[in-house]
2 protein chains.
Amino acid sequence: MQFSKSTDYALHALLHLCLSDHGNNIGIKELSATLGVSESYLSKIMSKLRQDGIVRAVPGMNGGYELARSAEQITFLDVIQVIEGRQHLFECSNSKSQQHRLLVETETAEQECPQCIIEAVMDGAEQHLHQYLQEHTIQSVLDEAFKRCDHEANKK
Amino acid sequence: MQFSKSTDYALHALLHLCLSDHGNNIGIKELSATLGVSESYLSKIMSKLRQDGIVRAVPGMNGGYELARSAEQITFLDVIQVIEGRQHLFECSNSKSQQHRLLVETETAEQECPQCIIEAVMDGAEQHLHQYLQEHTIQSVLDEAFKRCDHEANKK
DNA sequence: ATCAATATGGATCTATGATATCCATAATAA
DNA sequence: TTATTATGGATATCATAGATCCATATTGAT
């Protein structure tokens, strides 16, 4: 289980938009050259980001992309969900099998347990993951990097 | 990004081993019937669990599988890593590109930042996820389920 | 009005990995 | 010795990621 390369590209592209001079659009040519990815492939990814309101796109001369909202308001979770989709991390394919009935039978209670107990744990894991990814934004990662570099510089 | 069905099968299989009478091995026939998965496919999964020391396997008559250690000592992380592998959730495919040099150039410092700042965030996410998955074991999920059912029963 | 530059979306191709099956072999208990 | 069971190799199938090409639409500049 791994995040796709598209997520990698999307995050790096947003970082580049954030770092480059504001007020100017950044074209797909510059983006793809910076990331080392083909224009055609990267443009698909940028298109998804646009559809989800993370970037704005302007066609025509001097067109290109820019952030649609401030970098503080673009979380890692936002980006990941656009690219990877919003399915759950885990879906029990076994809900109607004997496995779960068996669990219920060991109890005298007759009511159905509404959710697979394994799925429940995995959903908990997903929530923790999402919380973390929501606390980290394009801006926060830059702040962190600058802090780190300043600290290094001071040591000299 | 999703966990594979194999992980689903593995977790349910272990749950079944844990619930069934101890002292007896559980054959692949019973397991596959319980989970509703083919014997051939499930046996591959059980084989992986055996290679990693999570279950023991005995061939021959009355053979089958049993837990190799107590259910408290089998974490979700253990099982997931056996099935899904141990690669990182995120690997920056861009470490040598202009993207990162650009970041460094914006600083006067000349030393190299050792890791992609995006990858750093994602590794943090992975650590959080792993911690959670390590705190949940086959046993803990059963305890939780029993507690839940008892609670339901008491309400009647 | 025209042209060049740029983004968009459809179609398509390829590579990879998940899912799944079959079979020959080895190991074990009765 | 035999029936039973697990193991591992080979292979097939399918879905998805990754990637490319092209026709079209949109915009700014001339």
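Below, chain A is the first sequence line, B the second, and so on; all start at residue 1. Because the structure is predicted, anything quoted here is derived from the model rather than measured.
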Run the side-chain donor-acceptor check on residues 62-72 of chain B: report pairs under 3.5 Å with partners two or more places apart or on a different chain.
| residue | atom | partner | partner atom | Å |
| --- | --- | --- | --- | --- |
| Glu66(B) | OE2 | Arg56(B) | NE | 3.3 |
| Arg69(B) | NE | Gln73(B) | O | 2.7 |
| Arg69(B) | NH1 | Gly53(B) | O | 3.2 |
| Arg69(B) | NH2 | Gln73(B) | O | 3.3 |
| Arg69(B) | NH2 | Asp78(B) | OD2 | 3.0 |
| Ser70(B) | OG | Glu72(B) | OE1 | 3.0 |
| Ser70(B) | OG | Gln73(B) | OE1 | 3.3 |

Could you pull out all donor-acceptor pairs under 3.5 Å where a side-chain atom in residues 79-87 of chain B meets a protein atom, sequence neighbours excluded?
| residue | atom | partner | partner atom | Å |
| --- | --- | --- | --- | --- |
| Glu84(B) | OE1 | Met1(A) | N | 3.2 |
| Glu84(B) | OE2 | Ser4(B) | N | 2.8 |
| Glu84(B) | OE2 | Ser4(B) | OG | 2.9 |
| Glu84(B) | OE2 | Thr7(B) | OG1 | 2.6 |
| Arg86(B) | NH2 | Asp52(B) | OD2 | 3.3 |
| Gln87(B) | NE2 | Glu84(B) | O | 3.4 |

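Annotation: side chain of Met122(B) is not in contact with side chain of Leu89(B) (no heavy-atom distance under 4.5 Å). Lys48(B) places none of its side-chain heavy atoms less than 4.5 Å from the side chain of Ile45(B). In this structure, the side chains of His16(A) and Glu30(A) come closer than 4.5 Å at one or more pairs of heavy atoms.
The CG atom of Leu17(B) lies 5.5 Å from the CG atom of Leu31(B); values are rounded to the nearest 0.5 Å. Note that the CG atom of Leu133(A) and the CD atom of Glu126(A) stand 10.5 Å from one another [nearest 0.5 Å]. Atom CG of Leu14(A) is separated from atom CG of Leu19(A) by 11.0 Å, given to the nearest 0.5 angstrom.
Note: CD (Gln2(A)) to P (dA17(D)) measures 13 Å, nearest angstrom. In this entry the distance linking CD1 of Ile28(A) with P of dG9(C) reads 13 Å, nearest Å. As a whole-Å value, the separation of Glu30(A) CD from dA7(C) P is 11 Å. Atom-to-atom, CD1 of Ile83(A) to C1' of dT16(D) comes out at 15 Å; the value is rounded to the nearest Å. We find that CD1 of Ile26(B) is positioned 12 Å from P of dT5(D), with the value rounded to whole Å. For the pair Asn62(A) CG and dG28(D) P, the interatomic distance rounds to 9 Å; values are reported in whole Å. The separation between Asn25(B) atom CG and dT4(D) atom P is 17 Å, rounded to whole Å. In this structure, Glu66(B) places its CD atom 12 Å from P of dA6(D), rounding to the nearest Å.
Among the protein residues, Val58(A) comes within range of the sugar-phosphate backbone only, with heavy atoms under 4.0 Å from sugar or phosphate atoms but none that close to a base.
In this structure, the side chain to side chain contact (heavy atoms under 4.5 Å, CB included) partners of Ser40(A), at least two apart in sequence or on a different chain, are Ser38(A). For the ring pair (Phe, Tyr, Trp, His ring centres under 6.0 Å) test, residues two or more places apart in sequence or in another chain that qualify with Tyr132(B) are His128(A), His136(B). Residues passing the side-chain hydrogen bond (donor to acceptor under 3.5 Å, both in side chains) test with Glu39(B), sequence neighbours excluded: none. By the side chain to side chain contact (heavy atoms under 4.5 Å, CB included) test, Lys44(B) pairs with no residue at all, sequence neighbours left out. Shown here are the side-chain hydrogen bond (donor to acceptor under 3.5 Å, both in side chains) partners of Ser32(B), two or more places apart in sequence or in another chain: there are none. Residues meeting the side chain to side chain contact (heavy atoms under 4.5 Å, CB included) test with Val141(A), sequence neighbours left out: Leu15(A), Phe76(A), Ile117(B), Val121(B).
Nearest to the side-chain atoms of Tyr65(A) among the listed nucleotides dA6(D), dA7(C), dA30(C) stands dA7(C).
In terms of position on DNA chain C, the residue among Leu42(B) and Lys29(A) whose nearest nucleotide sits closer to the 5' end is Lys29(A).
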Could you go over nucleotides 1-4 of chain C and give all protein N or O partners under 3.5 Å, atom names and distances?
none

What nitrogen or oxygen pairs link the protein and nucleotides 16-19 of chain C at under 3.5 Å?
| residue | atom | partner | partner atom | Å |
| --- | --- | --- | --- | --- |
| dT19(C) | OP1 | Lys5(B) | N | 2.8 |
| dT19(C) | OP2 | Lys5(B) | N | 3.4 |
| dT19(C) | OP2 | Ser6(B) | OG | 3.4 |

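Annotation: proximity of residues 44-54 of chain A to DNA chain C (heavy atom, distance under 4.0 Å) is found for Lys44(A), Ser47(A), Arg50(A), Gln51(A), numbered in ascending order.
Here Ser38(A) reaches the OP1 or OP2 of dT20(D): one of its side-chain N or O atoms lies under 4.0 Å away.
Overall, the helix from dA1(C)-dT30(D) to dA30(C)-dT1(D) carries an axis bend of 20° between its ends, with five pairs at each end and the value rounded to 10°.
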